[in-house]
Every structure is written in structure tokens, then in C-alpha cells.
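Down below is the structure, laid out as C-alpha cells.
Proteins get letters first, then strands, A, B, ... in listed order; numbering begins at 1 in each. Everything numeric here is computed off the predicted structure, so don't read it as measured data.
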Protein chains: 2
Amino acid sequence: MTNIRKVAELAGVSVATVSRTLKSPDIVSPRTRDKVLKAVREAGYKPNLMAVQFRSRRTRNLVVLVPTIANTFFARVISGIQEAAQQQGYSVLLCNTLGREESEATYAKMVTTRQADGVIQLRAYNPFPADAFAPDTPLPMVNACEVLDEAPCSSVKLDNRAAARAITEHLIGLGHRRIGMIKGPRRSPLTRDRVAGYCDALEAAGIALDESLLCPGKFTPHSGYEAAGMLVARDDRPSAIFCESDEMAIGAIQRIKQEGLRVPDDISVAGFDDIAFASFSDPPLTTIAQPAEAFGREAVAMLIEVLEGREEGAKQRILPYELVIRGSTAVKR
Amino acid sequence: MTNIRKVAELAGVSVATVSRTLKSPDIVSPRTRDKVLKAVREAGYKPNLMAVQFRSRRTRNLVVLVPTIANTFFARVISGIQEAAQQQGYSVLLCNTLGREESEATYAKMVTTRQADGVIQLRAYNPFPADAFAPDTPLPMVNACEVLDEAPCSSVKLDNRAAARAITEHLIGLGHRRIGMIKGPRRSPLTRDRVAGYCDALEAAGIALDESLLCPGKFTPHSGYEAAGMLVARDDRPSAIFCESDEMAIGAIQRIKQEGLRVPDDISVAGFDDIAFASFSDPPLTTIAQPAEAFGREAVAMLIEVLEGREEGAKQRILPYELVIRGSTAVKR
DNA sequence: TGTCATGATGTAACCGGTTACATTTCAGGT
DNA sequence: ACCTGAAATGTAACCGGTTACATCATGACA
């Protein structure tokens, strides 16, 4: 493998001069510069980045922890991360944790073992048991999408409470009074915020909360299908259902149709995320659009700020949502 | 940062002994081992992997080039890659090329600059202009899903021709004689094979090929929507449409319904891939199931074989498909 | 007691860049 | 010609592990 010493020899200069020619060409004389560049070309020299990283103690790698890349919303966030990272000269090490804690721990270690400079988490778990780190070396990390209250790091998210309230108010505005909700797993902060927004809307409209109308799901179409089955089977079934993700909404719509009911004529269904398939479901989904790619880009920007030492305290950034009204919700009748 | 020298000092031994204790504990005496391990714990020592990689000249990183991670099929393949890589102690550097050649070139460079040991490509482009590499250092690469004929590297794929033939024959078996096809971009080898399989089926059934029934799409729901519009607007419209991806099929179904026709009563629609949403579309999609995660796992296994020098020649591996019949196809009437 | 094999440990070179510091070169002023 | 300072270049230490080789300790055996 051609290394800097070979190039130096070929050009008849020292390794330092070669290094300088490539890193700051303006401080070497034009004559030498030409000699060196010629030698670089001749030798087909490419600097060994492992050596550079080792010396500079920075890998310019970012670890991204994602529960499932198969979730289309996360996929969009990762696209944004990838794009911004590449622009700034960073690479993305992807880790599909599948919720397994040992996976998360493995990847968390990549920072302590210097395989990566920082971490972006798309789920708000704390993969870092407190005792795993020396207190004097805080882990450069940002949370995207979901945020733990106690997380001591920067984060970027939606105002989930306001968004959930907005879409619930949309349903109330259509005349619905019994509104079911298919929510996410209990311990998710996302779910907590969205349930709170849903409650806000009911309360503002003077509708009493019926806890039995809240069904947990798992953010998959199948879990939406199952949950909708439970809601629809009731005698006092709701006339509208707010799902915490489009994937669950699509599952719910299928179940509702299978039970012989129509959407939105008999039951209105609203989703959350505005994934690509949302406008291709039948009927097209009313939902909350999230700027998924922007989450990714923002998260990278914040992490790099931390890494380059420009930023100390934890910052929060809230991105705007948009209520997208399509055909799956209609006036109650 | 605590390094191996600090640990050695703490334990009162040499750095070599520390290194040996951690790498091959059996060749140090139990007494020393205990001393060293105690020092490691006390110092909270984690080996700096950058140094290890630098020394061993291996990063244990794999670059994955993917056109769009937003495509759910690719997302599944990546899941498989990720899982297998992690199991074997490798990490995944994700590159969303978005079809941009400069992106592909950037990531291809990661191998020559020693940021990664090898490449897995999910699209069969050749991101490596011939002159970019010294002929004596072939690039460790495998193709997954899509394969260029001239590619000099191992690959894992489906027998696309046979699969396309199988699903076309399913349609013919239902009595359809005019069968449209929404295919992918012209230059894709995938499309070429699948079109060939479609033609095989027609020929075997004695149906003349009508080239005008082949519409190009872009593997997105929207492009399926557009292409279906063209097919359905014809006076002699087909009674069945085979789409080269489920995403296009879902778009096509929406368009067909919007035009006032029913699926499958008026037009049968078949897809390809069996993505998660395939069984949640209305009607549920008849399609070809691909073992997407297995593609990823196989690709990793093949690449590691190349990397560890066990394998020289290019191998091809063909994984099985499965025809999944759901409600979007029916007997012609 | 001396010799030798064996196992345990230490010493230092090495991977391939970067960069602080030393040295050389050279232009400009007297 | 001589001095001075800036610019250009060279020398070598350094990053943090691994490992070939050297050294040392121990015990068996003649």
C-alpha cells in the first residue's frame, strides 16, 4: 500500500512536506507543491484515514440508534440524518436495536471505544446505565423524535401534545363526541404527550374522558388492526378513532371495513406521521404531517455543535407539525 | 483518557502483559491476570478501537450503498445486513445514495481510504470507474438484490425471471389474456429480468406480446398511480396488471378505483416484494414474497468470506421466492 | 552444580499520518 | 559583505495499541 513515505521519497521531499501540501497547500512553495502533487498522482496515493482518525482522535462517525428501520417514519428521519451528516463530512453507523437492550449497549460502547464521536437516538431510552461512564466524560448524544424528560442532552421533537390536541379537535369539530384512541406502548413519552393532547381537546370541549376508549398498540399495522377490533366490537363504539401512527391507522381501517362498517361514513379514522402510504390508503388518511427529514438534519446539526464544543447546555428544538385533512374523517351522522 | 500504559503502571506490569491479558488470558499467569484485570476495572479502561483498527489495518466496518432507505423493501434488506453484521462483529456504515453518482463515489472511497473493509450494494450500478483503482487491489464488494451481468463480484438475488413468470402465469390461469405490466426504469437489470419472465409466461400460453402494455414506473406509489392511469384510459384496457413493486401496485389500485373500476372485479392487480402494507391494502395484494432480510444476511456472509480471504471467485446465490395469493387478483369475467 | 527447556514477562519497533520545533534558504536593508 | 527575519523545509516525537524478539525465572535432569 502506498503511504506518505513512499510519496515523499518519490517527490524527493520529507513526509512533513507531503502532509502540508495536502492539508494546507498555501504554505508550501509552488515548485514543491507541483512535485508533490505529481508524486501523489503517480503513486495513486490515498491517505489512510484510519491513521488520520487515530491521530486526531476523531472518527467523524455518528452512531444512529433506531428501534426498527422498517418503520417508514424512522426511515425518513434517517434519510435526513444521512444527508446532513454527509454534507458535514460525517458518516452514519446504523444500529437497528429492535428494542433489544444489549444491542443498544453494544452501540453505546462504540463511543467509549472511539469508533464513533457521538450518538443520535430515535427512541428515548437510556441505553447508558449511569455507572457505565466516568462522570467526567459526558456522552455526546442527542435525542430525535422522542425525548425523555430527564435526558440531559439536546433534543429535537414535535410538540406532540399540541399536535394530538389539534387532530382531536378536528374530530370534535366534525361532531364526534365518542372518540377512541389507539395509542403506543405505555412507557413511551411520545404516547404520554399525545394522550395528554387528546385529553386536552376533550376537556376543552366539555367531553368526559372514557379511559376504556384508549387502546394500546405497537405502532404496527397489525396492532392497529387488533386494537380497532376491540373498539368496534363494543356496543357503545366510538364514531371516530385517533391512531398514534399511520401504520396503526391503516390496520384499523382494514379491520373496520372487515367488520362491515365504512370509513369515514360510520367511523372516522385519523393517523399520525403522514407516511408515504397515508395518501394511498382507501380512504386517504387524515393525519398529522411531521417534518421527518428535518428531525434528522436538526439532530445532526445539534450533535455536531456539541462535538465541536460550541454548545454546552442541553437545547430543545421543536419543529412544526401540520394537520393534513384527507378522506378518512368526515362529519358525524 | 485512560490508556493501556496507565493500566500497566497501575498493575505494575508492562503494556505487553496488559494487552496479552485482554487478548489471550490463558498465556499469562493467574496472579498477573488478576492484578491486571483489577487495574482495568479500577481505571475504567476501554481499549481505543481506533488504535486497534489502525494497527490491524481492519476497521470491521461495512459500507452499504442503498438508493433510498425510504423504500420498505430496502429497509428490510438493511435490517438483515445489520443483524448479520453485528453478529459477526462488524458495523454498518449506511449510505443513502439517492441515485446521485457523486454520493456513490464518496462512499466507494471509504474503502480505499480504509474507513471500511468492504461494500454491499443494493443496486447494481458500478460506482467505481475502472481507473479509480489499482488493478492489483480488487474492491471487496457484493451485490444484493440486483446484479449486473458484468459485475466481477459475488451476489445474492432472486430468480426474478422465474418469479415474474410465476405471477404472470397465475394471472393467465385466472383467464386473463390482456395483461399490462408496470415495470421499473429501463436500465435496471431487475426490470429486464422481470419483463423477460412476463414474456416467457405469455409466450408459453400462446399470447402475443403487446409492447404498448408495458409502462415504466419508478418504484413509487405515485408512479404506479400515473402508469395505471395510462393503462386504464385505453379502449382496449387490460383486465390485469402486474406491477414490479408493491408500492407501484398500491398506487395503481388507487387510480383504478378513482376511475370508477373495481379491483379485482374489473381489473386484477399483482405486485412484487410483499411489503408489510401489501396485506393491508384494499384489497390485499397478490404478490411475490422475497426473503428480504435473508438477502441482507447472505450478502454479509459472502462479503465476510471475501474479506477473510476464504473465497476468491465470484459466487452467485439465488434465494427462493413465494407466490402469495390474496384478494387483488380474481378470475376474469 | 551446571545445562537446558519451558513458560512468563519486558522492551521496543511498528502501523501512517500530524505537527512542534529545529534548521535551512533567501530576500531585503545597512 | 553582513545581519535579520520570514518563509520553506526537515527531523522526530507522538497517538495507543500489537507483537516479534529478548530476557528472566523456574524446575527437571544428568
Any side-chain to backbone donor/acceptor pair from [X] onto [Y]? Under 3.5 Å, distance only.
X	Y	result
B:Ser56	B:Val52	yes
A:Thr32	A:Val28	no
A:Asn96	B:Gln82	no
B:Arg33	B:Pro25	yes
B:Gln115	B:Met110	no
A:Arg114	B:Ala51	no
B:Ser24	B:Asp26	no

When we call it a touch if two heavy atoms are under 4.0 Å apart, what does [X] touch: a base, just sugar-phosphate, or nothing?
X	result
A:Val18	nothing
B:Arg20	base
B:Thr17	sugar-phosphate

Residue met sooner reading DNA chain C from 5', once B:Ala51 and B:Ala16 are mapped to nucleotides =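 Upstream on the strand: B:Ala16.
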
Most 5' of B:Ser14 and B:Phe54 on DNA chain C, judged by nearest nucleotide =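 Mapping each residue to its closest nucleotide by heavy atoms, the 5'-most match is B:Ser14.
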
query = Residues from residues 26-33 of chain A sitting under 4.0 Å of DNA chain D, heavy atoms only?
reply =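 Contacts with DNA chain D under 4.0 Å: A:Ile27, A:Val28, A:Ser29, A:Thr32.
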
[Y]/[X] salt bridge by N-O under 4.0 Å criterion:
X	Y	answer
B:Lys38	B:Glu42	yes
B:Arg5	B:Glu9	no
B:Arg58	B:Glu308	yes

query = Would you say the side chains of A:Gln316 and A:Ser155 form a donor-acceptor pair under 3.5 Å?
reply =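 There is such a pair between these side chains.
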
Bending between helix ends of the helix from C:dT1-D:dA30 to C:dT30-D:dA1 [5 pairs per end, 10° resolution] =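 One end axis against the other gives 70°.
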
query = Quick one: how far along DNA chain D does chain A reach, first to last nucleotide 5' to 3', anything under 4.0 Å to a heavy atom?
reply =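 The contacted stretch runs from D:dA8 to D:dG16.
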
